[in-house]
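Labels below follow one simple rule: chain letters A, B, ... track the order of the sequence lines, proteins then strands, and each chain is numbered from 1.
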There are 2 protein chains.
Amino acid sequence: MFYEGKSKYLVAVDCIIFGFDSEGLKLLLLERNFEPAKGKFSLMGGFLAEGENTEEAAARVLEDLTGLNDVYLEQLQAFSAVNRDPGARVVSVAYYALINIEEHNHASVEKHSAFWVRYEDIPELIFDHKQMVDKAIARLRRKAATMPIGFNLLPEKFTLTQLQKLYEAIYQQNIDKRNFRKKILSTGVLNKLTEKDKKSSRRGAFLFTFNFEAYKRLEESGGLFGVNI
Amino acid sequence: MFYEGKSKYLVAVDCIIFGFDSEGLKLLLLERNFEPAKGKFSLMGGFLAEGENTEEAAARVLEDLTGLNDVYLEQLQAFSAVNRDPGARVVSVAYYALINIEEHNHASVEKHSAFWVRYEDIPELIFDHKQMVDKAIARLRRKAATMPIGFNLLPEKFTLTQLQKLYEAIYQQNIDKRNFRKKILSTGVLNKLTEKDKKSSRRGAFLFTFNFEAYKRLEESGGLFGVNI
DNA sequence: CCAAAAGTGTTTTATGTACACCCATGA
DNA sequence: TCATGGGTGTACATAAAACACTTTTGG
């Protein structure tokens, strides 16, 4: 038989979980309370179970940790270096997730001894998890430049200033306010509400929601920027 | 022990092998001479062996098939649907490769009952291989728009017309000759030789080689197109 | 009345796009 | 001498980037 004699491997998923709040872009990390690498910092992961695919495994791990389902989840790639995990040969498929940091279940996070850390302050991570994070941020930057996926990191209603701060956090650079507004409004993916958010200023800032239909149209037409040959 | 009781899986690699010649963009496919799906068409694949990572496995599979090593090889992603392979549960990591179609070993290819097929004429493929091909072409298009990776598909020395035909094949659309030359030459990644290729015209066309140093510089500065926020 | 954030337009520059003719050569 | 592919430049349109002031309002 064709498959006989072939080696089998443990298959894991690891999740690079991005969040965003007033302090900036953050990652959800674990302090491992088990061997190997107990006490070190890592991404949240888990093993693939028989009845699920890796995306389902990642979603399961994510829901277990944050209480959230239906989050933005995208596969990065597989990591398969022979000794990447010193405890056993494990092939890991990395996923990155964008979640609304306000909505997650704090109790679940604490139960796992997980914590949010600013992107600028990421500690040393075990195995190849740093490499996964670097790939994830690169992917997020590329993706956010062509599609407005950043909305997944914000509450349902948000101000343009919040959205701009998010983009500034993702790209780690300042953006001109006028140009940013011009550009993002020209895409038509935002609905302006009559409601204002008065938390951050006396004058108040208009709230916006995300327009999913416009997003789909944008996606079909190839994104914010067409492919220039 | 942490890893105990976890299921293990067969891990495969599948290669989407792109080639290019005067007829256009092509894919190297196999007619399977073994079950399951004997007689159907598929990508070239193989199982992960214990001492190698998936990239090495893909390179091994590729060298076995084409006689080529040191080819452009990039991971697409893992495919892990539970029933993707009806013969067994197999998690497959897909790689796409860009090879110089003239240089491959024809004997090896024939030995595997493999054959080149034009991108426009791809037959029905087994399992999720069509999905892999679709992802691969999308990735190739995106990548080729930002980095001049197309050179991997051409001989060492090539004419601008050849290069343009390659881009036209990748994007399946015509490109204006003057604009294409302006743009590609402005990147500085081409070395113009004094030598001419006289095969395709009486006048002859100047040959170019690829400038790897300029490529690296371009890569560091974020590609042909910067990220527009 | 003032501090603090919200909101708004115009000019300049760079990049992309459309478009048509002459050149060199071998047969 | 002519058929064939090689090679070139300019004008227009669109998009990005730079840049500073006015508005609102709660304290």
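- T159(A) comes within 4.0 angstrom of no nucleic acid atom, judged by non-hydrogen atoms across all strands.
- Distance from the side chain of S200(A) is smallest to dA6(C) among dA6(C), dG7(C), dG16(C).
- Contact annotation: T161(A) side-chain N/O to dA5(C) OP1/OP2 distance is not under 4.0 Å.
- Set against dG9(C), dG16(C), dC19(C), the side chain of N179(B) has dC19(C) as its closest nucleotide.
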List, one per line, each side-chain donor-acceptor pair under 3.5 Å for residues 15-28 of chain A, sequence neighbours excluded.
unit_1	atom_1	unit_2	atom_2	d
D21(A)	OD1	E23(A)	N	2.8
D21(A)	OD2	K26(A)	NZ	3.0
E23(A)	OE1	K26(A)	NZ	2.4

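- Across the protein-nucleic acid pair, Q173(A) atom CD and dA17(D) atom P stand 10 Å apart, rounded to whole Å.
- A sub-4.0 Å separation between OP1 or OP2 of dT4(D) and a side-chain N or O of S201(B) is absent.
- Taking atom CD1 of residue I175(A) and atom P of nucleotide dC19(D), one finds them 17 Å apart after rounding to whole Å.
- Under the side-chain contact (heavy atoms from CB on, under 4.5 Å) criterion, E63(A) pairs with N69(A), sequence neighbours left out.
- In terms of position on DNA chain C, the residue among F208(A) and K182(A) whose nearest nucleotide sits closer to the 5' end is F208(A).
- Here E55(A) pairs with N53(A), L73(A), Y95(A) under the side-chain contact (heavy atoms from CB on, under 4.5 Å) rule; sequence neighbours left out.
- Considering only residues two or more places apart in sequence or on other chains, K177(B) meets the side-chain hydrogen bond (donor to acceptor under 3.5 Å, both in side chains) condition with none of them.
- For F180(B) and dG9(D), the CZ to P distance is 18 Å, given to the nearest whole Å.
- In summary, E124(B) and K40(B) do not engage in a salt bridge, as defined by a charged side-chain N under 4.0 Å from a carboxylate O.
- One atom, CZ of R181(B), and another, P of dG5(D), lie 14 Å apart when rounded to the nearest Å.
- Between W116(B) and H106(B), a ring centre-to-centre spacing not shorter than 6.0 Å is recorded.
- The phosphate of dG16(C) has OP1 or OP2 within less than 4.0 Å of a side-chain N or O from K183(B).
- Atoms CG (L163(A)) and C1' (dG7(C)) sit 15 Å apart, rounded to a whole Å.
- Across the protein-nucleic acid pair, Q162(B) atom CD and dG6(D) atom P stand 9 Å apart, rounded to whole Å.
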Completion exercise
In 5'-to-3' order, the base (B), backbone-only (S) or no-contact (-) status of each nucleotide in nucleotides 20-27 of chain D, using a 4.0 angstrom heavy-atom cut-off, is B--BBBBS

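- Partners of R32(A) under the side-chain contact (heavy atoms from CB on, under 4.5 Å) rule, at least two apart in sequence or in another chain, are F34(A), P36(A), A37(A), S42(A), I126(A), F127(A), F2(B).
- Note: CG (D176(B)) to C1' (dA11(D)) measures 14 Å, nearest angstrom.
- Residue D197(B) contributes atom CG, which lies 18 Å from atom P of dA24(C) at whole-angstrom precision.
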